[in-house]
*Asks:* 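Just dropping this structure here.
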Number of protein chains: 2
Amino acid sequence: MPSLKAEQNLKARANLFKALGNPTRLLIVNLIRLSPRHTEELASILKLSPGTISHHLSTLSEAALLESKKEQYYVSYSLIPGVLDIKLEEMVSMSQPGLEQSVEKDAFKDKVMRAFFERGRLLQIPTQQKKLHVVLEEIAKAFDPDKSYTEREVNIIIADFHDDFATLRRELINFNYMTRSKDGMSYRLRS
Amino acid sequence: MPSLKAEQNLKARANLFKALGNPTRLLIVNLIRLSPRHTEELASILKLSPGTISHHLSTLSEAALLESKKEQYYVSYSLIPGVLDIKLEEMVSMSQPGLEQSVEKDAFKDKVMRAFFERGRLLQIPTQQKKLHVVLEEIAKAFDPDKSYTEREVNIIIADFHDDFATLRRELINFNYMTRSKDGMSYRLRS
DNA sequence: AATTTAATTTGACAAATATAAAATTATATC
DNA sequence: GATATAATTTTATATTTGTCAAATTAAATT
């Protein structure tokens with residue numbers, strides 16, 4: 001089940017950014033970056049209560065940015081070495097190139113399909129290009145990729161979806177879902 | 001007035017991170033990264049209302065991550081090219097190495113000074129090393145860097161701060177604020 | 001010009017966050 | 001073992017945030 005893991009991942013990424021997405025915590029990271037610090041010291045530098053600083057430090061630690069070490073009376077916090085040595089791009093990008101793409105297409109497509117089709121019939125031809133593409137793609141599925149068709153055959157197949165087969169046939173060619181032979185006599189799916 | 005500018009900067013940085021610090025917005029960035037998208041499309045993919053998506057898109061735009069362009073009925077959003085091509089380190093680091101450092105030291109020092117000194121007198125010798133250092137540094141200022149002192153002279157000067165001049169003198173040597181000559185007859189500030 | 005439609009803005013609300021103050025915990029120093 | 005002290009946790013509160021639904025705006029198609 002990659003989706004669960006992906007979601008975990010997503011949250012973890014977001015938390016890293018969220019941890020850095022606060023002025024006080026950015027200051028803390030910058031102070032700590034120069035030399036390790038303890039809670040009280042940071043509190044007095046930033047003029048916030050130790051409790052508040054402690055809270056911020058734990059947020060940063062949970063985001064896997066800081067490490068700490070008991071030192072005399074104090075807990076000394078420091079940046080985990082190399083933790084900032086990464087590109088924003090790497091932090092942001094999810095690795096599932098396929099998954100997301102399919103999720104998205106299906107969702108948008110579903111919406112359009114529900115809106116424009118009813119029991120296999122196309123209710124109307126969408127004006128909007130993005131929706132039209134969904135419709136054309138669906139109609140294209142009715143053709144066999146290995147066969148070529150006469151115009152009349154094409155019309156009949158399209159007419160199962162909608163009466164205005166002429167417009168739809170034109171759009172299929174227009175947007176390159178189908179191609180017409182040079183002599184204009186036969187049609188087939190774009191290979 | 002560099003501090004105002006620094007603060008602006010600080011907030012802008014934090015906002016960039018904050019913009020990315022939300023799972024929905026991370027998904028949006030990832031979807032947009034692959035190909036430009038419009039609001040409704042994202043809404044249907046992510047199953048959130050158009051209003052919500054619009055809000056997220058404006059957050060991302062304010063963080064200078066997205067650009068948009070009207071296209072047919074739609075507003076097509078895309079990532080500003082190269083915007084993610086930067087190290088986390090560069091995003092986090094503030095450039096004022098001096099400023100911050102002085103702010104911090106003064107703040108912590110001030111707190112210790114107020115706690116341990118009263119009208120120039122040291123109320124007690126701090127147990128804690130970090131505080132002791134602040135105190136020793138302060139006492140060290142009473143010596144002329146160009147002069148050397150007999151032990152008796154050192155004692156007299158320290159006695160102005162606190163009766164237990166012997167301990168303080170020992171700590172000054174201990175922590176290398178002052179050095180004692182080989183013959184043990186003269187003291188001076190660490191050069 | 002009228003109509004359609006995507007996008008944005010507004011209003012409302014529940015959830016999350018940043019903060020201080022106080023209580024508690026954990027650990028050094030004596 | 002008692003005491004001192006930094007750190008953390010808890011409680012409380014004001015602010016910010018994410019979301020939806022509804023109203024409004026802006027713009028393209030008719």
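Only a predicted model underlies this, so the values are computations on that prediction, with no experimental measurement involved. Every chain is numbered from 1 and lettered A, B, ... according to where its sequence line falls, protein lines coming before strand lines.
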*Asks:* Side-chain contact test, heavy atoms from C-beta onward, threshold under 4.5 Å: evaluate it for B:L20 versus B:L16 and give yes or no.
*Replies:*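 Heavy-atom side-chain distance check passes, below 4.5 Å.
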
*Asks:* Restricting both atoms to N or O, compile the protein contacts to nucleotides 5-10 of chain D shorter than 3.5 Å, with distance only.
*Replies:*
from  : atom 1 : to     : atom 2 : distance (Å)
D:dA6 : OP1    : B:Q128 : OE1    : 2.3
D:dA6 : OP1    : B:Q128 : NE2    : 2.5
D:dA6 : OP1    : B:K131 : NZ     : 3.0
D:dA6 : OP2    : A:E40  : OE2    : 3.3
D:dA7 : OP1    : A:T39  : N      : 3.3
D:dA7 : OP1    : A:V75  : N      : 3.2
D:dA7 : OP2    : A:E40  : N      : 2.7
D:dT8 : OP1    : A:Y77  : OH     : 2.6
D:dT8 : OP2    : A:T39  : OG1    : 3.4
D:dT8 : OP2    : A:S54  : OG     : 3.0
D:dT8 : OP2    : A:Y77  : OH     : 3.4
D:dT8 : O5'    : A:S54  : OG     : 3.4

*Asks:* So do the side chains of B:L172 and B:I158 get within less than 4.5 Å of each other, counting heavy atoms only?
*Replies:*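 Yes, at least one pair of side-chain atoms sits under 4.5 Å.
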
*Asks:* Can you work out whether B:K18 or B:L48 has the more 5'-proximal nearest nucleotide on DNA chain D?
*Replies:*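 Its nearest nucleotide lies further toward 5', so the answer is B:K18.
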
*Asks:* Taking 5' to 3' order, which nucleotide of DNA chain C is first and which is last to have an atom within less than 4.0 Å of a heavy atom in chain B?
*Replies:*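 Result: C:dT4 to C:dC30.
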
*Asks:* So do the side chains of A:V154 and A:F143 get within less than 4.5 Å of each other, counting heavy atoms only?
*Replies:*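 With C-beta onward as the side chain, the pair touches.
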
*Asks:* Suppose we screen for ring pair (Phe, Tyr, Trp, His ring centres under 6.0 Å). Which residues come up paired with B:Y73, at least two apart in sequence or across chains?
*Replies:*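 In terms of ring pair (Phe, Tyr, Trp, His ring centres under 6.0 Å), with neighbours along the sequence ignored, B:Y73 is linked to no residue.
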
*Asks:* Can you give each donor-acceptor pair under 3.5 Å made by side-chain atoms of residues 61-70 of chain B, sequence neighbours left out, with the distance rounded to 0.1 Å?
*Replies:*
from  : atom 1 : to    : atom 2 : distance (Å)
B:S61 : OG     : B:L57 : O      : 2.8

*Asks:* Would you give the length of the straight line joining atom CG of B:D85 to atom NZ of A:K87, rounded to the nearest 0.5 angstrom?
*Replies:*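 Between B:D85 CG and A:K87 NZ, I get 4.0 Å after rounding to 0.5 Å.
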
*Asks:* Within the 4.5 Å heavy-atom criterion, are A:Y74 and A:E41 side-chain neighbours or not?
*Replies:*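 Result no, sub-4.5 Å side-chain heavy-atom pair not found.
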
*Asks:* With sequence neighbours excluded, tell me which residues meet side-chain contact (heavy atoms from CB on, under 4.5 Å) with A:I86.
*Replies:*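 Residues passing side-chain contact (heavy atoms from CB on, under 4.5 Å) with A:I86: A:E90, A:M91, B:L88.
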
*Asks:* Over its full length, what angle do the end axes of the helix from C:dA1-D:dT30 to C:dC30-D:dG1 make, each axis taken from five pairs and the result rounded to 10 degrees?
*Replies:*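 Axis angle across the helix from C:dA1-D:dT30 to C:dC30-D:dG1, nearest 10°: 40°.
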
*Asks:* Decide yes or no for A:V92 and A:R13: does some side-chain heavy atom of the first lie under 4.5 Å from some side-chain heavy atom of the second?
*Replies:*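 Not touching, per the 4.5 Å side-chain cut-off.
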
*Asks:* Supply the atom-to-atom distance B:L168 CG to B:I139 CD1, rounded to the nearest 0.5 angstrom.
*Replies:*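 It is 4.5 Å, given to the nearest 0.5 Å.
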
